[in-house]
Each structure stands twice: as C-alpha cells, then as structure tokens.
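What follows is one structure encoded as structure tokens, with my remarks underneath.
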Protein chains: 2
Amino acid sequence: MDKNLKRMATMHRMQVTGLELFYKNGYYNTSIDDILKSLSLSKGAFYYHFQSKEDFFVSIVQNLVVRKVYSLLIEPIEGKENPVLAIEKCFENALETAEHNEMDFGFILSNFISEFNGKNTVISNYLMDIYKVWEVNLISILQKGKSDGYLDRHIDSEGVATYLISSFMGVRTLMVKGNCRNLRYKYMQQLRHYFKSIAQKEVA
Amino acid sequence: MDKNLKRMATMHRMQVTGLELFYKNGYYNTSIDDILKSLSLSKGAFYYHFQSKEDFFVSIVQNLVVRKVYSLLIEPIEGKENPVLAIEKCFENALETAEHNEMDFGFILSNFISEFNGKNTVISNYLMDIYKVWEVNLISILQKGKSDGYLDRHIDSEGVATYLISSFMGVRTLMVKGNCRNLRYKYMQQLRHYFKSIAQKEVA
DNA sequence: TTTTTTACCGACTAAGTGGTCGGTAAAAAT
DNA sequence: ATTTTTACCGACCACTTAGTCGGTAAAAAA
C-alpha cells in the first residue's frame with residue numbers, strides 16, 4: 001500500500017484530468033494525447049498505468065463518478081426525516097453547483113449515458129449501474145416517506161423516482177445554454193408544485 | 001426547380017442517411033466516409049453538394065430536424081382546446097414512437113445539444129433555436145389554457161414549459177436502456193399527477 | 001555493491017480523418 | 001454538331017488517432 005503511493009498519485013492525476021476533458025469535450029472527441037499534454041506526461045506513462053482508453057475511462061467511472069454521485073446525490077438525502085424537503089434541498093444544491101460550472105455528477109451521468117448509448121455497451125453498463133444505485137436510493141427514501149406520513153400512500157415510489165431523475169437530467173441538459181439561475185428557479189418552483197400533488201393529503 | 005430534382009434527391013438521401021448515422025453514433029464518431037459507404041457514393045459527390053461536414057450537419061438540422069420537431073411536437077398541440085390533454089397525448093405519442101425505436105426528435109434535439117455543448121457554438125445555436133421554438137409554442141398554449149380556465153391562473157407558464165421539456169428530455173435519456181414501456185407508463189402517470197397540481201382549482 | 005523493478009520517455013506504426021483536385025460520362029444548352 | 005454544365009468518381013494529402021516498443025534513470029531489493 002505504501003509503496004504504491006506514487007503509482008496511485010499519478011493514476012489519480014490522470015483520472016482527474018481525464019474526467020475534466022472527457023466531460024468538457026466528450027469521450028470520442030478527447031484524445032489520450034490531449035490528456036497527456038495537459039499533464040506533461042508521455043504515452044509511455046499512460047500505457048504503463050492503463051491498458052486502453054476504455055479501461056482508463058472505466059476506472060474514472062468507478063473511482064470518481066461513483067463516489068461523487070454518492071456524496072452529492074445519495075448521501076444528502078439518506079436517512080433524512082422528510083424526503084420531500086431532503087430531495088428538494090439536494091437537487092437545488094446540485095443545480096447551484098452546476099451554475100458555478102463545477103462538474104455536476106447527475107449531469108455527467110446523463111451526458112455520458114447519451115454519448116455511449118449504442119456505441120459502447122461495456123461503458124454503458126457501468127453508467128447504468130450508477131443510475132440504478134441513485135434510483136434505488138430515491139425509491140427507498142420515498143417508501144419510508146410514505147410510512148412516515150409525508151407522502152400519499154397511493155403514489156408509486158418507482159414512478160416518482162423515475163420522474164424526479166428524468167426532470168433533473170433534463171433541466172441540466174437545458175442549463176448548458178446560459179440563463180442557469182432562471183432555469184433553476186423555474187425548475188424548483190415546478191418541482192414543489194409536483195411534490196404538492198404527491199404529498200400526504202391532509203385529513204379533512 | 002425542375003432541373004434541380006436530381007440534385008435535391010441526392011442531397012436528401014445524404015441528409016437522411018447522415019441523420020441516421022449521426023443519431024446512432026454521434027457526430028464526432030461518424031465519418032463522412034461511413035455515410036458515403038452506406039450510400040455507395042464517393043467523396044466527390046459529398047463535396048459537390050456540401051461545403052464541409054459542419055455545413056452538412058447544419059443542413060440536416062434545418063431541413064429534417066426542424067420540420068420533424070414541428071410535426072411531432074408542435075403541431076399536435078397547436079390550437080387544441082385543452083392544453084393538458086393535448087400535451088399529454090403528444091408526449092405519450094412521442095414516447096411510443098421512441099419505443100419502436102424510430103427516431104424521436106425531442107430526444108434527438110437533447111442528444112445533440114449535449115454533444116455539441118462547448119464544442120461547436122455554430123451548431124449549438126441552431127439546435128437551441130429549435131428548442132426555443134418548441135418552448136415558445138408550449139408557453140403560448142399554456143397561456144391560452146389559463147384564459148380558457150383549464151389551468152390555474154397563478155401558474156408560471158414559462159416554468160411549466162421548462163419543466164415539461166426537462167422531464168421529457170430526461171425520460172428519453174433514460175429510455176436508452178430497455179424497459180421503455182414501463183418507463184413511459186411511469187412517466188405518464190407522474191406527468192398526470194403534476195398536471196393535477198397546476199390545473200384550475202375548482203371553485204368550492 | 002550488484003541486480004531488479006518501477007515509472008516513465010518519445011519515436012514509431014497502422015488505421016483512420018476531413019478535405020482537395022483532376023478527371024469523366026451523360027445530359028443540357030448553344 | 002459542338003460546347004458547357006451537372007453530378008459524380010476515387011486517388012491523394014496533411015493530419016490525428018489509439019496503441020506499441022525499446023530504452024533509461026532512479027529507487028528498492030538482493
């Protein structure tokens with residue numbers, strides 16, 4: 001473990017820069033040379049640490065993307081009392097991050113899912129796995145929300161989760177043109193409308 | 001006009017095949033040679049009709065994509081009495097088309113918007129123009145829906161349009177993995193929930 | 001001290017890439 | 001009948017791509 005420190009450090013640097021460029025320019029539109037140039041490293045270094053461009057990308061997904069999705073989209077809602085408030089807060093946060101044009105990993109996910117669809121099943125599968133983890137966690141907090149009386153017992157948790165993820169991914173796609181602040185505001189307003197429609201109906 | 005028939009026919013064939021391949025493999029991952037091979041045409045034919053790969057793509061957007069977005073996403077809701085029902089029907093239709101894996105131009109739009117974001121501003125602008133036309137038309141039918149008493153007068157039509165387009169684009173991104181039928185069903189169910197929350201409140 | 005392993009270098013290759021250009025057969029214009 | 005234009009061919013060019021490979025300086029192991 002100790003002796004691997006340098007190895008790990010270099011690999012990590014490559015992965016971070018790789019994700020940055022892949023995210024910015026797309027996988028097929030980013031060459032390994034681009035990444036190496038911006039790190040002042042050589043081809044030899046790359047193929048010493050990774051077997052291929054695909055292997056490299058998979059390692060980025062498994063090391064960086066998975067963890068970020070967890071910390072930004074899953075952990076913030078896990079174990080919270082009120083799922084509606086938790087999800088609202090979490091989405092608003094993520095969209096705000098996106099505004100200051102740091103990487104928002106919900107979008108990175110949908111972005112790459114689009115790019116690899118039909119072109120690379122191996123990578124597509126890794127990406128869909130992350131999506132599924134996100135979905136499962138949303139579903140379980142929604143279920144708990146039903147038991148705890150925050151959500152109408154008749155709603156379909158899976159449907160709600162799908163709808164939430166869809167709208168989030170969609171609004172992020174739209175945010176690529178400017179006007180992010182306004183888009184976020186409008187989106188959050190309608191999200192609250194939607195939540196109202198699936199909230200626990202007050203007993204009259 | 002008559003003498004241009006052959007010219008037009010060849011250009012159209014190229015555009016149709018081009019869109020098919022660009023949609024399937026992405027713009028940067030589809031070479032002109034790929035398109036020409038599948039048409040048994042030569043480089044000379046291509047550069048006789050189009051100036052460049054970019055010029056070619058723009059012509060596809062302006063000829064094929066614009067028209068399809070109109071006929072599939074705008075005309076079906078234009079002038080309808082009840083905007084809620086019209087939009088529901090229109091979206092359901094588009095998602096069903098997508099299931100039988102024909103091209104769904106709402107998705108094509110979001111797909112290409114993602115791909116060209118930050119890479120090619122010229123093309124990005126053409127794509128955003130189409131999105132804006134779609135948005136404007138949704139807004140105007142929602143406004144009319146308010147006047148006609150189908151929608152709560154307090155809702156923000158722009159916000160609703162944004163939210164509708166977002167969720168649609170998002171669910172289409174998710175539909176790339178199988179299970180489309182189920183996704184569509186869940187999506188439409190939640191869309192109806194949402195519509196309930198912005199419908200005209202009955203006077204008590 | 002000698003040997004081996006680690007982490008990296010950079011020239012090279014084969015297969016594309018978008019784009020150019022001289023040519024040409026058939027149709028249209030003269 | 002002759003000329004010109006149209007619509008296309010395909011060899012070719014400069015360049016980029018992912019991936020290979022022989023080499024090497026420094027560190028670790030022996």
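Naming: A, B, ... by sequence-line order, numbering from 1 per chain. This structure is a prediction, so every number in the text was calculated from the model and none was measured.
The OH atom of A:Tyr28 sits 15 Å away from the C1' atom of C:dG16 (whole-angstrom rounding). The distance from atom CD1 of A:Ile35 to atom C1' of D:dT17 is 13 Å, rounded to the nearest whole Å. Taking atom CD1 of residue A:Ile32 and atom P of nucleotide C:dG10, one finds them 17 Å apart after rounding to whole Å. Counting to the nearest Å, the P atom of D:dT16 and the CG atom of A:Asn29 are 13 Å from each other.
Distances shown here put every side-chain N or O of B:His49 at or beyond 4.0 Å from the OP1 or OP2 atom of D:dT6. Contact annotation: B:Arg7 does not reach the phosphate of D:dT6 (side-chain N/O to OP1 or OP2, under 4.0 Å). At the phosphate of C:dC8, neither OP1 nor OP2 sits under 4.0 Å from any side-chain N or O atom of A:Tyr48. Applying the 4.0 Å criterion to OP1 and OP2 of C:dG16, one finds that B:Ser31 has every side-chain N and O outside that range.
Of the residues in residues 37-47 of chain A, those lying under 4.0 Å from DNA chain D by heavy-atom distance are A:Lys43, A:Tyr47. Taken residue by residue, residues 10-25 of chain A places heavy atoms nearer than 4.0 Å to DNA chain C at A:Thr10. Of the residues in residues 50-63 of chain B, not one places a heavy atom less than 4.0 Å from an atom of DNA chain D.
Between B:Tyr23 and B:Phe112, a ring centre-to-centre spacing not shorter than 6.0 Å is recorded. Ring centroids of A:Tyr163 and A:Tyr194 are separated by less than 6.0 Å, placing the two rings close together.
Side-chain contact, A:Ser31 with A:Asp34: a donor N or O sits under 3.5 Å from an acceptor N or O.
With values rounded to the nearest 0.5 angstrom, A:Glu115 atom CD is found 10.0 Å from A:Asn120 atom CG. Separating the CZ atom in B:Phe22 from the CZ atom in B:Phe56 is a distance of 5.5 Å, to the nearest 0.5 Å. Note: B:Thr162 OG1 to A:Asn182 CG = 7.5 Å, rounded to the nearest 0.5 Å. The line from CD1 of B:Ile141 to CD1 of B:Ile139 is 12.5 Å long, rounded to the nearest 0.5 Å. One finds the OH atom of A:Tyr187 at 11.5 Å from the CG atom of A:Leu183 (value rounded to the nearest 0.5 Å).
Within 6.0 Å of CZ in B:Phe116 there are more than 12 heavy atoms belonging to other residues, nucleotides or ligands.
A:Val160 and B:Gln190 make their closest contact through CG2-OE1, 3.4 Å (heavy atoms, listed as atom of the first residue, atom of the second, distance).
Inter-axis angle, ends of the helix from C:dT1-D:dA30 to C:dT30-D:dA1, five pairs per end, rounded to 10 degrees: 0°.
Side-chain atoms of A:Asp34 lie closest to D:dT17 of the nucleotides D:dC8, D:dT17, C:dT17.
Applying the side chain to side chain donor-acceptor pair (under 3.5 Å) rule to B:Lys177 yields no partners; only residues at least two apart in sequence or on another chain are considered.
Using a cut-off of 4.0 Å between Lys/Arg side-chain N and Asp/Glu carboxylate O, B:Asp156 and A:Lys186 are scored as not salt-bridged. Here B:Asp33 pairs with B:Lys43 in a salt bridge; the nearest charged N to carboxylate O distance falls below 4.0 Å.
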Which pairs of donor and acceptor atoms, one on a side chain in residues 69-88 of chain B, lie under 3.5 Å apart (sequence neighbours left out)?
| unit_1 | atom_1 | unit_2 | atom_2 | d |
| --- | --- | --- | --- | --- |
| B:Ser71 | OG | B:Arg67 | O | 3.4 |
| B:Ser71 | OG | B:Lys68 | O | 3.3 |
| B:Lys80 | NZ | B:Pro76 | O | 2.8 |
| B:Glu81 | OE2 | B:Tyr150 | OH | 3.3 |
| B:Asn82 | OD1 | B:Val84 | N | 3.0 |
| B:Asn82 | OD1 | B:Leu85 | N | 3.4 |
| B:Glu88 | OE1 | B:Arg192 | NH1 | 3.4 |

